[in-house]
Amino acid sequence: MTLVHVLVDTNQELVQMSDSVLSLDEHSLVDSGFTDDEHKDMDDNTWFAIRKLKIDLKSPSLADLATVIAVVVNESPTPWLKLNELYRNKDEATALLRRNKTIEAMLRKIMSNGNGKGSFKELRQLRILQDQGQNLPKYELLGIGSRAFYETTYRGTAADLFLDYLFHNDELFEQRENRGGLHYYAKVLSIVQSSGTGKSRMVHELGKQGKCILVYMSLGSSDFTFPRGNIIPIELLRLSTTNVTLDPAENRLLQSLAIFRTFASEAAQLRFEYANKLEEFPREWYNRFFGPAANGVRFFRLMEKFFWESLESITKSLDVGYLRHLENKKDEDRRTIGHATMLNAYNKTCDELRTIGLKAPLLIVFDEAAWLANFPKGLEHYSIKQSHILCRVISTFSHHIESPVWCIFVSTNSRTGDFSELARTRGTYHSSDRIRLGGELLFRPFTELGLHQLAKPLKDIDLGQVWKYENLVGFGRPLWAAQIAEKRDSVYELTELRQSKLVKGRFKEKDDQWLAVMSQRFCLDLVSGHLLTVAFEEEAVAGYMRYLTTTSEKGDILNTAYPSEPVLSQSAAEHLWEYGSVDPFVTPILALSVKINEGVINKVTVGELVARLLLLIAKDICARELEVGKDEFRYCGSVRLVTWLKRLFGDDIFSGKEESVEEHFGNTVINFSHWVGMAENIADEETNSYPHPEWLQRLFVTTAAIKCCHGQPLIDNLIPTFDPVKMDFSSVLIQVKHSLTLNKEPLEKISSEAVGLNPEKPCVIILMDLDASNSPGSQDGIDVTLNERGEPPCLRIHAKGCDAETYKGLKDYTVSSYMKILLKLREEPAIEGGLKTMRDRARIFDRRANVHWE
């Protein structure tokens with residue numbers, strides 16, 4: 001199957017156009033928006049593809065004409081925007097020709113009279129081939145929405161941080177000797193982070209600002225994303241690993257050769273044009289070849305040409321017998337086909353870079369690189385991945401001569417960074433042995449993409465309408481704000497996107513899906529190093545929107561977490577309350593029970609988890625009972641503090657104190673949709689000073705509550721509060737006491753000042769004594785005291801036990817029964833005994849390479 005056959009025979013799932021579109025005057029002409037130069041380039045590329053197909057120009061069949069339409073659409077610089085992608089599908093193009101003989105006649109005239117030189121300009125101007133996106137379904141438009149993000153001003157420091165990291169690693173690589181004589185395998189860096197965090201945008205920004213010379217290849221297959229994947233590098237990668245005449249590694253040499261030849265050829269021409277202002281070279285290179293309007297089409301067409309020319313030139317000089325002879329040669333003997341030619345092209349690239357004389361490095365970027373973690377056909381038994389083959393070639397030219405050429409792999413999959421190739425030996429080598437046993441090192445993946453870059457300034461957020469989408473969309477990853485930049489008619493258009501992103505597609509209530517949903521909202525304590533935890537975290541970064549904080553060099557040991565992201569918290573709440581079982585707690589509690597028993601969730605902290613569940617579930621119920629926020633993000637809406645306490649402990653909680661409580665706390669509201677963990681104490685340990693006055697406000701507007709670090713004195717949780725009359729922020733302080741608790745101080749000792757907060761603010765203090773009913777002489781129930789004499793007032797609540805008598809407001813939801821089930825799991829051994837859990841925790845380190853500790 002040829003390259004163009006692949007283009008026109010695939011993509012069968014494109015959506016049919018609506019009847020209203022079909023009723024248009026299909027052969028009327030409109031301005032396509034292309035310049036004459038663009039038409040000329042597209043004509044050259046189109047005829048190049050047609051000649052490869054060997055179509056009869058004088059009497060083409062209807063199927064041949066349909067293929068030509070598909071090629072014309074594919075060869076437009078930005079086909080996803082300007083020409084209707086529907087007609088890349090051969091069947092749809094055939095149907096168009098059958099119902100419109102005018103278009104058929106137009107094509108036959110171009111084909112017969114042009115003799116390979118005619119223009120398809122008139123065809124591109126047909127109204128039916130114009131497409132501004134209105135004919136695509138709304139859910140397909142979601143991918144296109146990110147284009148607006150690429151056209152806005154770049155925010156954040158990620159691009160500069162990455163460039164600094166690359167220059168630092170370049171120095172390490174050129175030192176040659178590092179860490180006791182070990183050297184780095186290749187000039188390869190991976191950028192790994194979960195979806196929507198701005199990985200691709202960061203790379204493009206480096207090219208756009210002229211801080212690097214960018215060669216960008218997206219290996220994604222979607223026609224509705226931006227930057228759009230280009231079929232040529234994808235097909236060259238596939239062809240070069242399935243070709244039956246040449247070894248896959250040697251074909252990778254040809255691919256690299258094609259990239260270097262193309263760069264050297266085009267760079268020389270551009271350098272000549274900008275001879276008097278070479279400082280503009282990187283920026284102009286980006287705009288001409290890889291900017292939004294160019295999309296790499298010109299570069300990749302020339303790259304394809306050089307690839308096939310090189311392949312043909314090399315294979316002509318070899319016969320089949322010699323090729324078969326090479327199949328049995330050792331690796332070092334196989335560096336004969338294309339090796340010298342590739343290095344020669346690389347030398348020319350380096351010469352061009354030296355002539356240009358700029359600090360900007362040449363970055364060859366493989367975006368959507370998760371595909372490279374697959375095994376090529378026929379090489380599965382060698383445990384050799386696509387990335388191993390490609391990086392073996394990269395390693396070859398990285399060590400050839402000193403140069404600023406780096407290859408970058410961009411992916412959500414941490415295993416994409418598992419690069420270098422195993423020796424070609426049948427056996428049971430583990431993939432981690434490739435590096436350590438070879439005495440080579442890898443650079444740690446870059447993960448610092450940042451968060452909240454597109455959030456509104458704090459002063460611009462209406463504290464009475466925090467729940468509105470326009471206020472929440474900027475928190476977390478840029479993906480959400482990129483969608484609103486397209487000025488959607490309704491936030492419901494994005495509901496399917498955010499819900500499916502969190503649970504990796506359709507919500508089927510699987511254990512791992514529930515683990516993602518509950519982790520995002522309730523800040524679960526996962527046991528680091530546990531085999532099942534490692535497996536989940538690897539999957540969660542790529543599939544469940546979990547944020548990668550740190551990783552090992554090979555990407556096999558991860559630290560991950562869910563950041564404060566209200567958009568995902570709303571989705572998690574919807575999965576819990578609106579799309580799960582009839583009883584919203586049966587399946588998630590069962591899933592949590594399984595994970596606790598397996599040792600994935602830390603049993604020691606189950607008591608604190610139960611407290612967080614009770615507190616947030618009560619707030620959810622309050623939010624569901626209100627009309628405010630119902631049309632947008634209801635679970636991120638504010639509720640009265642007093643209403644929430646009554647829902648948690650029952651309407652009679654303030655019996656005899658109702659008026660006083662209303663007087664001091666009647667205006668106060670809370671607003672939290674998820675918990676986030678702290679890695680340090682609330683008060684500054686060095687200066688013993690209070691947090692910045694804006695700290696509680698920022699928690700409030702991001703709808704976050706705090707799970708304190710283990711060293712925090714006196715309390716385990718904090719919920720921000722807001723008094724809209726006094727325009728003042730304070731907090732609810734919570735201590736959780738149970739059989740495994742760390743904090744066992746009396747309720748009277750807890751105060752704002754004692755935990756490091758401003759003592760001049762009124763506050764509520766809750767002691768959740770979950771095991772009180774098990775203590776001799778203790779009785780379940782609630783004790784409430786209100787200190788009105790002191791300034792400021794302080795409301796203290798001692799909640800004893802964990803049943804319906806204590807949490808009366810949740811009685812109708814049978815929540816306390818589920819909480820008791822979780823608490824009981826603290827004392828139960830893990831499934832198959834504790835030895836299995838310990839074995840699972842240690843298995844991630846059970847590798848030969850890691851026993852070498854010197």
Side-chain angles (χ1 to χ4, degrees), residues 145-146 148-162 191-203 205 412 446-463 465-486 491 494 497-498 501-502 519-521 523 541 544-550 559-572 632-633 635-637 671-680 691-707 718 720 722 729:
S146 61
F149 175 47
Y150 277 74
E151 294 175 344
T152 58
T153 301
Y154 185 78
R155 298 182 187 178
T157 60
D160 291 333
L161 287 174
F162 175 76
I191 302 171
V192 182
Q193 196 49 271
S194 61
S195 176
T197 50
K199 301 182 295 295
S200 303
R201 172 67 199 271
M202 181 192 74
V203 169
E205 191 62 24
T412 59
F446 181 82
T447 62
E448 303 299 322
L449 274 299
L451 294 164
H452 311 325
Q453 299 99 318
L454 302 182
K456 279 186 174 183
L458 188 62
K459 61 182 178 60
D460 294 340
I461 299 177
D462 185 343
L463 296 174
Q465 295 185 324
V466 170
W467 48 268
K468 281 190 169 293
Y469 185 79
E470 62 189 43
N471 291 325
L472 298 177
V473 73
F475 295 118
R477 67 201 73 217
L479 172 65
W480 319 120
Q483 306 302 324
I484 205 173
E486 285 291 304
V491 296
L494 302 176
L497 174 71
R498 57 181 173 79
K501 282 283 189 180
L502 179 60
S519 292
Q520 201 286 328
R521 299 200 75 202
C523 200
V541 172
Y544 297 128
M545 305 295 275
R546 201 167 169 91
Y547 197 86
L548 180 61
T549 55
T550 58
N559 288 318
T560 67
Y562 279 108
S564 182
E565 203 159 7
V567 173
L568 285 184
S569 300
Q570 170 72 15
S571 300
E632 294 197 30
F633 279 14
Y635 297 103
C636 297
N671 186 33
F672 69 109
S673 65
H674 60 285
W675 299 91
V676 293
M678 285 192 68
E680 57 189 1
H692 193 279
E694 289 183 355
W695 183 62
L696 290 173
Q697 183 179 353
R698 293 188 182 279
L699 290 177
F700 185 85
V701 299
T702 57
T703 72
I706 291 296
K707 184 191 82 168
L718 178 150
F722 173 59
F729 290 90

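Here the shortest heavy-atom pairing between G677 and C523 reads N-SG, 3.6 Å. Among all heavy-atom pairs drawn from R546 and Q193, the shortest one is O-OE1, 4.4 Å. Closest heavy-atom contact between C636 and L472: CB-CD1, 3.6 Å.
In this structure, CG on L463 lies 10.0 Å from CG on N671, to the nearest 0.5 angstrom. Remark: T197 OG1 to Q453 CD distance equals 8.5 Å, nearest 0.5 Å. For the atom pair OG1 of T412 and CD1 of I191, the computed distance is 13.0 Å after rounding to the nearest 0.5 Å. The CZ atom of F672 sits 12.0 Å away from the CD1 atom of I706 when rounded to the nearest 0.5 Å. Remark: R498 CZ to L479 CG distance equals 12.0 Å, nearest 0.5 Å. Note that OG of S571 is 11.5 Å distant from OH of Y635, once rounded to the nearest 0.5 Å.
With sequence neighbours left out, D160 forms a side chain to side chain donor-acceptor pair (under 3.5 Å) with K211. The ring-ring contact (aromatic ring centres under 6.0 Å, His included) test applied to F722 returns F700, F729, not counting sequence neighbours. Shown here are the side chain to side chain donor-acceptor pair (under 3.5 Å) partners of K468, two or more places apart in sequence or in another chain: there are none. Residues that satisfy the side chain to side chain contact (heavy atoms under 4.5 Å, CB included) test with V541, not counting sequence neighbours, are S194, L548, T560. Remark: E205 engages Y154, R201, K208, Q209 in a side chain to side chain contact (heavy atoms under 4.5 Å, CB included) (not counting sequence neighbours). Remark: R521 pairs with D620 by the salt bridge (charged side-chain N to carboxylate O under 4.0 Å, His left out) rule, at least two apart or across chains. Under the side chain to side chain contact (heavy atoms under 4.5 Å, CB included) criterion, N559 pairs with S528, T549, T550, sequence neighbours left out. Take K456 and apply the side chain to side chain contact (heavy atoms under 4.5 Å, CB included) test, not counting sequence neighbours, and it matches I461, E470, N471.
Heavy atoms from other residues, nucleotides or ligands lying under 6.0 Å from CD of Q697 number more than 12.
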Could you walk me through whether F446 and L161 pass the side-chain contact (heavy atoms from CB on, under 4.5 Å) check? CA-CA 9 Å; F446 181 82; L161 287 174; 4.1 Å; yes
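Between the side chain of H452 and the backbone N or O of F475 there is no donor-acceptor pair closer than 3.5 Å.
Residue pairs meeting the salt bridge (Lys or Arg N to Asp or Glu O under 4.0 Å) criterion with at least one member in residues 691-706, sequence neighbours excluded: E694-R698.
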Under 3.5 Å, which donor-acceptor pairs link side chains of residues 562-569 to any protein atom two or more places apart or in another chain?
from: Y562; atom 1: OH; to: Y544; atom 2: O; distance (Å): 2.7
from: S564; atom 1: OG; to: H674; atom 2: NE2; distance (Å): 2.9
from: E565; atom 1: OE1; to: R477; atom 2: NE; distance (Å): 3.3
from: E565; atom 1: OE1; to: R477; atom 2: NH2; distance (Å): 3.0
from: E565; atom 1: OE2; to: R477; atom 2: N; distance (Å): 3.1
from: E565; atom 1: OE2; to: R477; atom 2: NE; distance (Å): 2.7
from: E565; atom 1: OE2; to: W480; atom 2: NE1; distance (Å): 2.8
from: S569; atom 1: OG; to: Q520; atom 2: OE1; distance (Å): 3.0
from: S569; atom 1: OG; to: Q520; atom 2: NE2; distance (Å): 3.2
from: S569; atom 1: OG; to: E565; atom 2: O; distance (Å): 3.3
from: S569; atom 1: OG; to: H674; atom 2: ND1; distance (Å): 3.1

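Looking at heavy atoms from C-beta onward, Y547 lies in side-chain contact with L451 at the 4.5 angstrom threshold.
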